[in-house]
Novice: 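This is the structure, below, for whatever I ask next.
Quick caveat: nothing in here was measured; it's all calculated off a predicted structure. One-based numbering, in listed order, for ligands and for the atoms of each. Residue numbers run from 1 in the order of the sequence given.
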Amino acid sequence: MSNFMQAAVLPEFGPATAFRIEKVAIPLPGAGQMLVKVKAAGLNPVDFKTRSGKGYASHQTLPAILGWDIAGEVVSVGEGVSKFFTGDRVFGMSNFPEPGNAYAEYAVVQEEEFAIIPKEISFEVAAGTPLAGLTAWEALFDHAGITWGQRVLIHAGAGGVGHIAVQLAKWKHCFVAATASAANHPFLQQLGVDLVIDYKTENFQDVAERFDVVIDGMGGETTLRSIDILNRGGIVVSLPSMYKDDPAAIAKAKEKGVEVKWMSVRPSGERMEQLAALLSNNRLKVEVERTFPLKEIVRAHQELEQGHGRGKIVLTV
Ligand SMILES: NC(=O)c1ccc[n+]([C@@H]2O[C@H](COP(=O)([O-])OP(=O)(O)OC[C@H]3O[C@@H](n4cnc5c(N)ncnc54)[C@H](OP(=O)(O)O)[C@@H]3O)[C@@H](O)[C@H]2O)c1
């Protein structure tokens with residue numbers, strides 16, 4: 001094996017065209033770490049926000065290798081690694097929000113943040129799962145604490161987080177409503193969504209009410225309107241961090257006797273194992289709408305930035 005690899009390197013924060021495909025040194029795993037040959041890397045909105053100098057840009061060092069979602073094969077393990085062996089197929093959200101270095105042929109990852117990919121699941125689907133899946137899990141179970149049979153509304157239901165969240169809520173036998181444009185309605189109905197709302201032609205507050213939980217992938221004014229349709233004691237989990245701690249949302253929630261929460265997803269190998277089990281027994285299907293080879297990183301980011309995807313965009317390496 002040569003000591004060098006191809007990577008999509010970001011010399012400066014800026015537009016998608018700022019990426020360069022370059023030869024860089026293959027990193028070495030330290031204690032508790034593994035070197036993974038990346039087979040696929042999932043893209044998330046935080047990737048383009050960070051690339052443009054927002055998101056978690058302040059946590060990166062230039063020139064940077066972006067990306068956090070990794071699916072690949074273990075090539076070597078550092079001292080103390082006991083759960084994984086060379087050749088294992090693994091996936092996880094690596095080192096978030098510190099540099100994940102996913103857009104490369106090899107990446108060093110933490111053992112404790114990864115899990116084995118079920119054998120029937122492709123590297124592409126595995127790479128689409130971590131950040132979106134961990135977010136959906138944390139939002140529904142840790143922050144909103146959903147219980148059997150509750151009424152749950154998911155905004156941006158067809159997106160990366162949304163399409164996983166609707167399936168997790170259905171798994172808990174909730175009544176699930178979701179917002180999406182008309183083209184994505186059949187997709188959401190196939191996933192078991194009980195009520196699909198076209199955000200382009202309808203105001204969701206006019207169509208449905210009395211929700212216990214709203215998972216809001218849009219934020220801002222969508223969070224404010226969501227507060228109006230909650231039962232007393234209900235919760236909105238608002239995902240886009242740019243609206244974090246919005247005083248207007250906090251004040252309105254207080255007045256209405258409901259709660260609004262913001263979150264920042266955390267890596268977890270244990271959670272990845274739970275998602276792996278759901279993938280394996282077909283309780284969870286992760287939709288990969290498009291794949292791009294690593295060398296087409298510019299096009300992949302341009303597509304990601306449109307914000308109208310169904311499921312996930314994944315780089316193949
Ligand atoms: N705080 C955290 O820890 C955390 C973690 C993950 C994600 N996030 C944030 O959460 C947001 C969603 O993430 P994601 O990965 O799910 O994004 P995504 O995959 O890019 O979401 C795309 C989806 O958004 C839908 N959409 C666009 N405008 C909409 C509107 N006005 N109303 C309803 N749906 C609309 C699109 O549906 P149509 O194609 O039908 O228009 C598309 O399916 C992002 O801002 C992301 O950064 C935060």
Side-chain angles (χ1 to χ4, degrees), residues 42-52 54-57 59 66-69 93 96-97 100 127-144 153-168 177-189 191 193 195-205 207-208 214-226 236-246 260-268 271 286-290 300-314:
L43 302 189
N44 293 283
V46 67
D47 297 23
F48 78 73
K49 294 174 190 174
T50 301
R51 185 213 71 222
S52 68
K54 300 178 191 143
Y56 287 103
H59 294 244
L66 299 186
W68 285 281
D69 278 347
M93 178 179 79
F96 187 83
T129 304
L131 195 148
L134 292 168
T135 303
W137 187 290
E138 269 189 49
L140 286 167
F141 302 132
D142 300 343
H143 297 285
L153 169 64
I154 318 268
H155 289 301
V161 177
H163 87 294
I164 298 179
V166 300
Q167 295 176 73
L168 295 181
T179 56
S181 65
N184 283 323
H185 288 198
F187 169 62
L188 287 173
Q189 281 152 353
L191 296 180
V193 172
L195 174 67
V196 190
I197 303 167
D198 186 345
Y199 70 85
K200 290 196 169 158
T201 60
E202 300 169 301
N203 272 327
F204 62 85
Q205 324 89 278
V207 180
V214 176
I215 305 299
D216 179 9
M218 300 313 299
E221 64 87 30
T222 304
T223 299
L224 289 174
R225 288 194 285 136
S226 297
V236 185
V237 182
S238 183
L239 299 178
S241 46
M242 63 190 282
Y243 301 108
K244 191 170 185 308
D245 298 334
D246 173 13
V260 56
K261 290 184 175 179
W262 289 269
M263 58 169 277
S264 183
V265 62
R266 290 162 305 162
S268 163
R271 288 280 156 77
V286 171
E287 172 83 3
V288 176
E289 186 186 31
R290 288 200 70 176
H301 259 237
Q302 286 167 340
E303 174 91 16
L304 175 73
E305 228 161 330
Q306 303 291 316
H308 289 288
R310 175 180 304 171
K312 301 292 304 178
I313 299 173
V314 165

Novice: In the protein, which heavy atom is nearest to atom 7 (C) of ligand 1, and how far is it?
Specialist: Val161 CG2, 3.9 Å
Novice: Just wondering, do Thr223 and Met218 contact through their side chains at under 4.5 Å, heavy atoms?
Specialist: no
Novice: Who gets closest to atom 17 (O) of ligand 1 by heavy atom: Ser264, Gly159, Pro45?
Specialist: Pro45
Novice: Looking only at protein heavy atoms, which one is nearest to atom 34 (N) of ligand 1, and how far off is it?
Specialist: Ala156 CA, 3.3 Å
Novice: For the 3.5 Å polar cut-off, considering only N or O atoms, please tell me whether Met218 and ligand 1 meet it.
Specialist: no
Novice: Would you mind checking which non-hydrogen protein atom is closest to atom 10 (O) of ligand 1, with the distance to 0.1 Å?
Specialist: Leu239 CB, 3.4 Å
Novice: Taking only non-hydrogen atoms of His155, do any sit less than 4.0 angstrom from ligand 1?
Specialist: no
Novice: Determine whether any heavy atom of Ser241 lies closer than 4.0 Å to an atom of ligand 1.
Specialist: no
Novice: Is the contact between Leu304 and ligand 1 made by the side chain, the backbone, both, or neither, using heavy atoms and a 4.0 Å cut-off?
Specialist: neither
Novice: Short N/O distance, under 3.5 Å, between Gly160 and ligand 1?
Specialist: yes
Novice: Report yes if the side chains of His163 and Glu289 come closer than 4.5 Å at any heavy-atom pair, otherwise no.
Specialist: no
Novice: When you compare ligand 1 with Asn184, is there at least one nitrogen or oxygen pair between them that comes in under 3.5 angstrom?
Specialist: yes
Novice: My understanding is that only residues two or more places apart in sequence, or in another chain, count here; which of them pass ring-ring contact (aromatic ring centres under 6.0 Å, His included) with His301?
Specialist: Phe19, Tyr103
Novice: Taking only heavy atoms of Pro240 into account, list the atoms of ligand 1 that are under 4.0 Å away from them.
Specialist: 45 (O)
Novice: Tell me whether His185 contacts the main-chain N or O of Ala180 through its side chain, where contact means a donor paired with an acceptor under 3.5 Å.
Specialist: yes
Novice: Are any of the N/O atoms in Lys49 less than 3.5 Å from those in ligand 1?
Specialist: yes
Novice: Would you indicate whether Lys261, at its atom NZ, is surrounded by more than 12 heavy atoms from other residues, nucleotides or ligands within a distance under 6.0 Å?
Specialist: yes
Novice: Between His308 and ligand 1, is there a nitrogen or oxygen pair with a distance under 3.5 Å?
Specialist: yes
Novice: Identify the protein heavy atom lying closest to atom 36 (C) of ligand 1, giving its residue, its atom name and the separation to 0.1 Å.
Specialist: Gly307 O, 3.5 Å
Novice: Applying ring-ring contact (aromatic ring centres under 6.0 Å, His included), can you list everything that pairs with His59, at least two apart in sequence or on another chain?
Specialist: Tyr56
Novice: Is Thr50 close to Trp68 at the side-chain level, that is, under 4.5 Å between some pair of heavy atoms?
Specialist: yes
Novice: So, does Asn44 use its side chain to make a donor-acceptor pair with the main chain of Asp47 at under 3.5 Å?
Specialist: no
Novice: Taking Thr222's backbone N and O only, do any of them form a donor-acceptor pair with His155's side chain (distance below 3.5 Å, no angle check)?
Specialist: no
Novice: Taking C-beta and beyond as the side chain, do Gln306 and Ile313 meet within less than 4.5 Å on heavy atoms?
Specialist: no
Novice: Can you figure out which of Tyr243, Tyr199, Trp262, Phe204 has its heavy atom closest to atom 35 (C) of ligand 1?
Specialist: Tyr199
Novice: To the nearest 0.1 Å, how far is atom 42 (C) of ligand 1 from its closest protein heavy atom, and which atom is that?
Specialist: Gly309 O, 3.1 Å
Novice: For Thr179, take its heavy atoms, then give the atoms of ligand 1 lying under 4.0 Å from any of them.
Specialist: 33 (C)
Novice: Tell me the protein heavy atom at minimum distance from atom 6 (C) of ligand 1, and give that distance in Å.
Specialist: Thr135 OG1, 3.4 Å
Novice: Could you find the nearest protein heavy atom to atom 40 (O) of ligand 1 and give me its residue, atom name and distance?
Specialist: Ser181 OG, 2.6 Å
Novice: For a 4.5 angstrom cut-off between non-hydrogen side-chain atoms, does Leu239 reach Met263?
Specialist: yes
Novice: With a 3.5 Å distance limit and no angle check, can you tell me whether Arg310 reaches the backbone of Ala183 through a side-chain donor-acceptor pair?
Specialist: yes
Novice: What residue and atom, counting heavy atoms only, is the protein's closest point to atom 3 (O) of ligand 1, and at what distance?
Specialist: Val265 N, 2.9 Å
Novice: Donor-acceptor pair, distance only, cut-off 3.5 Å: does the side chain of Gln205 make one with the backbone of Arg225?
Specialist: no
Novice: Is there a heavy atom of Glu138 sitting under 4.0 angstrom from any atom of ligand 1?
Specialist: no
Novice: Using a strict cut-off of 4.0 Å, indicate which atoms of ligand 1 neighbour a heavy atom of Gly217.
Specialist: 11 (C), 12 (C)
